[in-house]
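Right, one structure below, let's go through it.
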Amino acid sequence: MANALVFIDNPGAALKKSSLELLTIARSLGETAVAFTGELHDDVAATLGAYGASIVYRPSVDDLDNYLVGPKAAYLAAAAASSGAKAVLLDNSPEGKEIAGRLGIKLNAGVITDVVGVEADGTAHKSVLAGSYNTTAKATTPVTVLSVKANNVEPAPAGAPVAPATATVEVPAEGLANSARIAARAEKPVSGRPDLSEARIVVAGGRGVDGDFGPLEELADALGAAVGASRAATDAGWIGHDAQVGQTGVTVSPQLYISAGISGAIQQKAGMQTSKVIVAINKDAESPVFEIADYGIIGDLFKVLPQATAEIKKRKG
């Protein structure tokens, strides 16, 4: 019987960093099982074993990813029952949190979201009030459901890799029959930059860029960073909504967050305040962003960023 169950949703040919973080946390709780959807490639199976997964559960239907969250929650509940896990871990994505809520109802389990760390006894550390405070919480139910924020744990493989067993879990037929299906998918244009939610460096722009993300993109490419934005910038149509960082967008926690032309309102802080180092660039010396910045530059981003990009390129040769 496993102590922890990790949900990994259709990762493709390689596991995401956030999945490796979940496996690292789960291993600290004891024996780890994985509830997996999608094709289980050999390299992925080997990575699961390297990170300590003793068993990998697969759904009884091949097209689970063609449904919305209902059947996934039903499958995960069945996998949790089969594994006997006392803790279920998921990504803290919008879909992950919705699955967590449905799973809590199905398992009569306590649900803790926005988790940034978990102790061996199951006590969760979570970020609350737009990242202003960290609190601890522990469910009193037999099973706990945890949705974990990315970039708060350094992934670490197990000391001794194992060859995980596999098992099939029946997905309730009534759950599939009554669920909405995904009618079509479209490939997102490839930028060559890392995924925003998992990037170690993020360069973000706001109203101050006045529609021109060029200097931010050049700096991001020099640093190997992702590009983010405030809601004001995405609402203005200057960049896609998938780049929005904040309370109603993506939550990031990179090693370095560069904020350019963003005031630092509470909604923005909620999505980036746990960044390890924050560098703020703004012409307004009274901007709230300087209250949380580790380093602040009072200046014109259109002058500051090109200089920084040129210096980085020079040092990289």
Side-chain angles (χ1 to χ4, degrees), residues 12-18 20-21 149-155 187-246 249-264 268-269 271-285 287-317:
L15 293 179
K16 297 189 296 184
K17 179 173 175 285
S18 59
L20 300 180
E21 293 175 14
K149 286 187 173 184
N151 292 314
N152 283 286
V153 176
E154 191 62 34
E187 287 289 335
K188 180 181 176 181
V190 178
S191 68
R193 301 187 184 105
D195 181 79
L196 179 60
S197 64
E198 298 189 344
R200 295 180 67 83
I201 304 174
V202 174
V203 181
R207 199 184 303 275
V209 307
D210 197 23
D212 183 6
F213 270 79
L216 284 80
E217 292 173 341
E218 291 178 6
L219 177 60
D221 291 340
L223 290 170
V227 174
S230 69
R231 180 168 184 172
T234 60
D235 283 351
W238 299 338
I239 192 170
H241 282 281
D242 58 347
Q244 182 182 327
V245 174
V250 178
T251 298
V252 299
S253 185
Q255 298 296 313
L256 172 62
Y257 186 90
I258 300 175
S259 168
I262 301 177
S263 66
Q268 167 72 190
K269 290 181 183 179
M272 46 69 75
Q273 191 161 282
T274 57
S275 302
K276 303 303 182 292
V277 176
I278 300 171
V279 177
I281 304 163
N282 201 298
K283 290 192 292 186
D284 181 5
S287 177
V289 72
F290 290 121
E291 297 175 6
I292 60 169
D294 297 286
Y295 301 95
I297 301 173
I298 302 171
D300 186 344
L301 69 91
F302 292 103
K303 295 180 180 178
V304 175
L305 295 186
Q307 293 180 56
T309 302
E311 183 63 25
I312 290 167
K313 289 181 177 179
K314 178 182 175 182
R315 295 193 180 195
K316 291 173 69 175

Note to self: Quick check against the 3.5 Å criterion: does Lys276 have a side-chain atom that pairs as donor or acceptor with the backbone of Pro254?
What the structure shows: no
Check: Where is the tightest heavy-atom contact between Pro155 and Lys17, given as atom of each residue plus distance?
Finding: CG-CG, 4.0 Å
Check: How many angstroms lie between atom OG of Ser259 and atom CD1 of Ile281, to the nearest 0.5 angstrom?
Finding: 8.0 Å
Next item on the list: Considering non-hydrogen atoms only, spot the tightest contact between Glu198 and Ser18 and give its length.
Entry: OE2-OG, 2.7 Å
Check: Would Ile292 and Lys269 count as a side-chain contact (heavy atoms from CB on, under 4.5 Å) if you check the C-alpha gap in whole Å, the side-chain angles of each, and the deciding distance to 0.1 Å?
Finding: CA-CA 8 Å; Ile292 60 169; Lys269 290 181 183 179; 3.7 Å; yes
Check: Distance from Met272 atom CE to Ser230 atom OG, nearest 0.5 Å?
Finding: 11.5 Å
Notebook entry, point to check: Gly264 and Val289: which non-hydrogen atoms are nearest, and at how many Å?
Noted result: CA-CB, 3.9 Å
Check: Is there a side-chain contact (heavy atoms from CB on, under 4.5 Å) between Val202 and Leu256 once you walk through the steps?
Finding: CA-CA 6 Å; Val202 174; Leu256 172 62; over 6 Å; no
Notebook entry, point to check: Ignoring hydrogens and geometry, is there a side-chain-to-backbone donor-acceptor pair from Gln307 to Lys303 under 3.5 Å?
Noted result: yes
Margin query: Tell me whether Gln255 contacts the main-chain N or O of Ile201 through its side chain, where contact means a donor paired with an acceptor under 3.5 Å.
Written below: no
Next item on the list: Under the side-chain contact (heavy atoms from CB on, under 4.5 Å) rule, what do Lys313 and Lys316 come out as? Steps first, then yes or no, please.
Entry: CA-CA 5 Å; Lys313 289 181 177 179; Lys316 291 173 69 175; 5.7 Å; no
Check: For the atom pair CG (Asp242) and CG (Leu196), what is the distance rounded to the nearest 0.5 Å?
Finding: 8.0 Å
Enumerate, atom names and distances included, each donor-acceptor pair closer than 3.5 Å involving a side-chain atom of residues 203-220, sequence neighbours excluded.
from	atom 1	to	atom 2	distance (Å)
Asp212	OD1	Gly214	N	2.9

Next item on the list: To the nearest 0.5 angstrom, please state how far the OG1 atom of Thr309 sits from the CG atom of Asp221.
Entry: 9.0 Å
Next item on the list: Run the numbers on Gln273 and Gln268 for side-chain contact (heavy atoms from CB on, under 4.5 Å), then give the verdict.
Entry: CA-CA 8 Å; Gln273 191 161 282; Gln268 167 72 190; over 6 Å; no
Item checked: Steps toward salt bridge (charged side-chain N to carboxylate O under 4.0 Å, His left out) verdict (Lys16, Asp195) -> CA-CA 10 Å; Lys16 297 189 296 184; Asp195 181 79; over 6 Å; no
Margin query: So does Ser287 get a backbone contact from the side chain of Asn282, meaning a donor-acceptor N/O pair under 3.5 Å?
Written below: no
